Amino acid sequence: MDGVRQVGRRGSAVEGSSMPDTWTMKADERSRVGLEIRAMIEESRSKMSSMFSDIKVWDEYYEGRLPDKDFPWPGCSNINVPLTPWHVDTYAARVIDVITSVSPITLVEPPPEWTDDDEAKQTAKKVENLLDAQYERMNLVEFLTNEYVPSALRWPAAIAQVAWREEFRVVRREQDSGIPWTTPTKQTVEERVPSYRGARAEWVDLRNFVIYPLTAKSIERAHLVGHRFRLTPAQVRQKVKEEGWDKSVLEMLELAGTESASADDLHTEEQEDYIGIGRSDTYHRLTFWEVVMPYSASEKVLPQDCVFIIEAGTGVLVYWRKFPYYHGRRHYAGARAFPRPGWFFGRCLPGILQGCQEELNRIHNQRIDAVTISIAKPFTYMSSRQGEAPDLYPGAMIEIDAPGEIAELPINPIVPGIDSEGLTRDYAERLDGIQDVSLGRVTEGDKTATEIGAVQAESGVRFGDVVNRLQQAVTEIGRQVLGLCGQFLSDEELA
């Protein structure tokens with residue numbers, strides 16, 4: 001990035017006027033900007049690779065799918081004790097209930113200096129109603145329940161893209177031919193009609209997300225932020241025709257091969273592996289990165305946020321324009337239930353519980369293996385014995401030629417007590433603040449009501465802290481939704 005004047009830090013002090021919404025870029029400039037964007041993405045994703053590896057492990061613990069093992073012997077116990085899903089699902093249910101059970105989900109208050117102004121209060125109430133109506137159209141509750149809140153607890157961050165969407169669908173209807181002085185005939189007419197127009201919050205898989213640099217404390221303070229998506233050849237051609245993508249992207253379709261289906265697939269290989277389905281090769285797709293970053297087309301204008309789309313493999317820039325939304329905020333909202341100071345990505349429940357989960361699995365599986373050894377102990381037999389080793393089972397009659405030819409191998413297996421697992425579960429509850437009552441467990445009999453109340457109060461403080469952080473993320477979604485409504489809705493629609 002050094003020595004390139006066109007791509008500057010966000011908010012750098014350069015005198016000049018505003019950039020136009022669209023502008024022409026020369027081929028060498030396009031190539032340079034595209035390669036710079038790809039270099040920043042590759043650097044950030046390389047540093048995020050260890051986090052992606054951890055996410056894969058955490059997902060395995062949550063889903064209960066452990067990698068195969070053959071130690072201490074093939075077929076040994078390999079059970080995942082459901083500690084991680086137990087705590088994650090309990091936490092998610094409580095957080096979702098608090099956030100979504102209130103109406104409206106996001107409160108709108110007048111500025112502090114107008115708190116006593118009745119007209120300002122009425123206006124704030126109208127804005128609040130508008131936002132609540134938009135939430136209803138967006139199915140925000142379903143979005144928070146199924147995607148946003150669970151991913152904020154399971155992963156180091158949850159990402160939502162808040163954008164204005166105008167979608168259409170094709171409908172068929174019959175009408176008269178309209179030719180005068182003839183017998184009326186019916187003909188089928190296809191018509192493109194609007195199916196949705198409004199703001200929408202869309203979940204972005206963390207494995208498809210990029211932020212640069214990783215030390216950025218927020219999306220707004222990052223230099224570059226964006227996400228990855230895939231398109232079929234038919235969708236790419238539609239982008240060129242309707243949204244002004246550069247025609248150079250059409251040349252890439254020849255490299256992608258012939259189109260054999262037009263289904264839309266946004267799953268990455270990691271997602272397909274995670275949910276346990278085979279990777280689909282029945283149709284070809286191109287992968288793109290859409291990023292927001294500051295850019296100045298001239299030294300006379302101030303660098304401003306612009307949207308760039310590059311082809312992931314080559315870094316070819318296929319789309320660019322000034323950031324289209326007027327609310328002044330990048331159209332991503334990040335939620336971190338357990339923030340890490342100085343970094344964008346925080347911690348998550350599976351990561352916090354990983355040590356306890358691994359210890360619990362080991363203790364549990366060792367106890368099962370120890371019981372197996374106790375029931376079916378190994379035997380020794382003389383090497384001079386002819387034939388195969390005898391089958392051993394309860395009540396077996398074993399023919400021997402001499403005393404001591406077959407003997408039990410002395411083993412005294414150490415069987416970990418069930419108390420060890422209980423202690424590990426207690427450690428896990430202390431780590432994340434979930435206590436017996438929340439998990440549906442019976443409290444220990446020797447605890448008094450005062451002690452139980454104290455534990456619940458302490459848990460409530462930590463739980464409330466997580467709820468506040470996630471509510472702030474929902475509030476950010478609300479700010480952007482209001483900005484989009486003010487920009488795209490007419491006065492009549494707003495009224």
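The figures that follow rest on heavy atoms only: side chains count, while hydrogens, waters and symmetry mates do not. All figures in this text were calculated on a predicted structure; none of them were measured in a lab.
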Other residues, nucleotides and ligands only: do more than 12 of their heavy atoms fall within 6.0 Å of [atom1] on [X]?
| X | atom1 | answer |
| --- | --- | --- |
| F379 | CZ | yes |
| E136 | CD | no |
| D391 | CG | no |
| E167 | CD | yes |
| F52 | CZ | yes |

Next on the checklist: I'd like to know whether V88 forms a side-chain contact (heavy atoms from CB on, under 4.5 Å) with W58, so could you lay out the CA-CA distance, the side-chain angles of the two residues, the decisive distance to 0.1 Å, and finally the verdict.
Outcome noted: CA-CA 11 Å; V88 170; W58 299 332; over 6 Å; no
Checklist entry - Is the ring centre of F288 less than 6.0 Å from the ring centre of Y319? => result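 Not close enough - the centres of the two rings lie 6.0 Å or further apart.
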[X] (side chain) donor-acceptor with [Y] (main chain) under 3.5 angstrom:
| X | Y | value |
| --- | --- | --- |
| T90 | H87 | no |
| T380 | A407 | yes |
| T475 | Q471 | yes |
| R200 | A163 | no |
| R336 | C348 | no |
| N468 | G464 | yes |
| R65 | D59 | no |
| S44 | M40 | no |
| R330 | F323 | no |
| N78 | P67 | yes |

Item to check | Chi angles and distances behind the side-chain contact (heavy atoms from CB on, under 4.5 Å) call for N208, I159 | outcome: CA-CA 10 Å; N208 290 334; I159 307 297; over 6 Å; no
Measuring from atom [atom1] of [X] to atom [atom2] of [Y], what distance do you get when rounded to the nearest 0.5 angstrom?
| X | Y | atom1 | atom2 | result |
| --- | --- | --- | --- | --- |
| I368 | I373 | CD1 | CD1 | 12.5 Å |
| Y295 | I37 | OH | CD1 | 9.5 Å |
| Q480 | H331 | CD | NE2 | 8.5 Å |
| D305 | L224 | CG | CG | 10.0 Å |
| T287 | I310 | OG1 | CD1 | 11.0 Å |
| R45 | M51 | CZ | CE | 8.0 Å |

Quick check: do [X] and [Y] have side-chain heavy atoms less than 4.5 Å from each other?
| X | Y | value |
| --- | --- | --- |
| F338 | L349 | yes |
| Y61 | E358 | yes |
| Y325 | L484 | yes |
| T215 | W343 | yes |
| D246 | L317 | no |
| Y91 | F463 | yes |
| W155 | D205 | yes |
| Q161 | E290 | yes |

Checklist entry - Is it true that the NZ or CZ of R137 lies under 6.0 Å from the centre of Y196's six-membered ring and within 45 degrees of the ring axis? => result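 Yes, cation above the ring, under 6.0 Å and within 45°.
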Which heavy atom in [X] sits nearest to a heavy atom in [Y], and how many Å separate them?
| X | Y | result |
| --- | --- | --- |
| D369 | P72 | OD2-CD, 4.0 Å |
| Y148 | A158 | O-CB, 3.4 Å |
| N80 | G64 | ND2-CA, 3.7 Å |
| V316 | S248 | CG1-OG, 4.2 Å |
| I79 | N365 | N-OD1, 2.8 Å |
| A157 | L206 | O-CD2, 3.8 Å |

Next on the checklist: E43 vs K47, test: salt bridge (charged side-chain N to carboxylate O under 4.0 Å, His left out). Steps then yes/no.
Outcome noted: CA-CA 6 Å; E43 178 184 342; K47 294 179 179 179; 3.3 Å; yes
Checklist entry - What's the verdict on side-chain contact (heavy atoms from CB on, under 4.5 Å) for F345 and L214, showing C-alpha distance, side-chain angles and the deciding distance? => result CA-CA 8 Å; F345 296 108; L214 294 181; 3.8 Å; yes
Next on the checklist: I'd like to know if R32 and D28 make a salt bridge, using a cut-off of under 4.0 Å between side-chain N and carboxylate O.
Outcome noted: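 So R32 does not pair with D28 through a salt bridge.
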Item to check | Stepwise salt bridge (charged side-chain N to carboxylate O under 4.0 Å, His left out) test for R479 and E476 | outcome: CA-CA 5 Å; R479 288 195 187 99; E476 173 62 21; 3.3 Å; yes
Next on the checklist: Assess the residue pair F143 and I477 against the criterion (side-chain contact (heavy atoms from CB on, under 4.5 Å)); give the C-alpha distance rounded to whole Å, side-chain angles, the decisive distance to 0.1 Å, and a yes or no.
Outcome noted: CA-CA 12 Å; F143 170 73; I477 294 176; 4.2 Å; yes
